[in-house]
Amino acid sequence: MSVELIGIIGIFLLMFLLFAGMWLGFAMAFVGFIGLVIVMGFDGAVTVMATIPYTRSAFYSISALPLFTFMGVVVGASGIGNDLYDTAYKWFGRLPGGLAVSTIFASGGFAAITGSSSASIVTLGSVAIPEMKKFKYKNLKELILRIQPESMEKQRTILDQTLEEWRGDVEQLDDILVIGRRF
Amino acid sequence: MQTIISLYKTIITKIARICGILGAISLILLSLLTVGDVLLRFFFNSPIVGSYELTEYLLIPIVFFAIPWATKEKSNVRVDLIVGRFRKHRRAVIYAISCVLSIIVTSVFAWFTVPQAFYILEVYIHSEMLKIPAFPFYFLTALAFFILFFILIDNLIDFIEEASAK
């Protein structure tokens, strides 16, 4: 098998593992290891595996990454990220896809302050993702209208199930209270 | 059996927490070092000697203590575009399989970084300016992989419990 073919198969295997939900770092390490074993043999592969983690981590150029991420966390905790996001949401929140548009503008503002994409992701992500995770009134209204012919008990079950399935294993962000009244 | 598992989980949680704290301390030290270096260079034209080497060495605890902590918290980055739509227990089965693959690759890392650390100790590689030996950091890398291995086992137990829950 040629090295090029091994590389192509490796890329497909990596894509498969990533979409199968494997953690990014582990997926890359796993595919890399398999590829090395095929190309260099087991002894050659373990020699590389024994040195790569150290040499790739003790690397001056990447020191900016944890520091920028740290800065993002500090800025996020100080509330600057929230203010930026609120401002952008007030301006662009009413547009179609307002949440996404606001996030982009808030990211632009944040990038202008820090000049770092990794810091922007950490800060804006922590603010925007909880907003995006919310079910929103529109979805809830549509659901209630759709299930109104059902009995009260059935409606309650459907509401419970829909919310649970929609939430998946993500933590609940706020209290939810639904009161039903049959006329 | 349940008692052993819960004891194992308690110990692993504590170790992971210590790793997280050590990683955070290293990160704060790195930021102080960088700020100090820049200020001393800018105002007094005398940067910290060997800051380049210290930065590289400090990256080791940051990276290798943070990985076990992030893994314990299940905070590593993953793509849940497809798997996220699956039902909970089916998703747990897939996560368990990917966890097994992660355990395999981590055990290889753990097993083979130890002889590498002993080799570095034997040849006594050190930094250019401060003459700081590199072997403790190689041992730290190996230790982190061993901790990561046990944390992944802990994660696997979680996924199996989740998959088998009704």
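In this text the structure is predicted, and so the values were computed from the model without any measurement.
No side-chain heavy atom of Tyr54(A) sits under 4.5 Å from any side-chain heavy atom of Phe64(B). Side-chain contact between Met49(A) and Ile52(A) is absent, with no heavy atoms from C-beta onward closer than 4.5 Å.
For chain B, the nearby parts of Leu24(A) are the backbone and the side chain; heavy atoms of each come within less than 4.5 Å. Looking at Tyr138(B), the atoms closer than 4.5 Å to chain A (heavy atoms on both sides) sit in the backbone and in the side chain alike. Both the backbone and the side chain of Leu30(B) come within less than 4.5 Å of a heavy atom in chain A. The contact between Gln116(B) and chain A is made entirely by side chain atoms (from C-beta outward), counting heavy-atom distances below 4.5 Å. Only the side chain of Phe33(A) comes within contact range of chain B, with heavy atoms under 4.5 Å apart. When heavy atoms are compared at a cutoff of 4.5 Å, Leu148(B) approaches chain A solely by way of its side chain, counted from C-beta outward. Heavy-atom distances place the side chain of Phe145(B), and not its backbone, under 4.5 Å from chain A. For Leu58(B), no part lies near chain A; criterion is any non-hydrogen pair under 4.5 Å. Neither the backbone nor the side chain of Arg85(B) comes within less than 4.5 Å of any heavy atom of chain A. When heavy atoms are compared at a cutoff of 4.5 Å, Thr71(B) approaches chain A by way of both its backbone and its side chain. Asn76(B) touches chain A through backbone and side chain together, each having a heavy atom under 4.5 Å away. Both the backbone and the side chain of Val77(B) come within contact range of chain A, with heavy atoms under 4.5 Å apart.
Chosen from Cys99(B), Ser102(B), Ser31(B), the residue pairing most often with chain A at heavy-atom distances under 4.5 Å is Ser102(B). Contact count versus chain B (heavy atoms, under 4.5 Å) is highest, among Trp23(A), Phe70(A), Phe26(A), for Trp23(A). Contact tally against chain A (heavy-atom pairs below 4.5 Å) for Ile60(B), Val63(B), Ile82(B): the top residue is Ile60(B). For the set Thr141(B), Thr55(B), Thr106(B), Ile120(B), the entry with the most heavy-atom pairs within less than 4.5 Å of chain A is Thr55(B). Contact tally against chain A (heavy-atom pairs below 4.5 Å) for Ile94(B), Val114(B), Leu101(B), Ile28(B): the top residue is Leu101(B).
In this structure, Phe149(B) has its ring center at least 6.0 angstrom away from the ring center of Phe109(B).
Lys74(B) forms a cation-pi arrangement with Phe159(B), by the criterion of a distance under 6.0 Å to the ring centre and an angle within 45° of the ring axis. A cation-pi arrangement is present between Arg78(B) and Tyr95(B) under the rule of less than 6.0 angstrom and at most 45 degrees off the ring axis.
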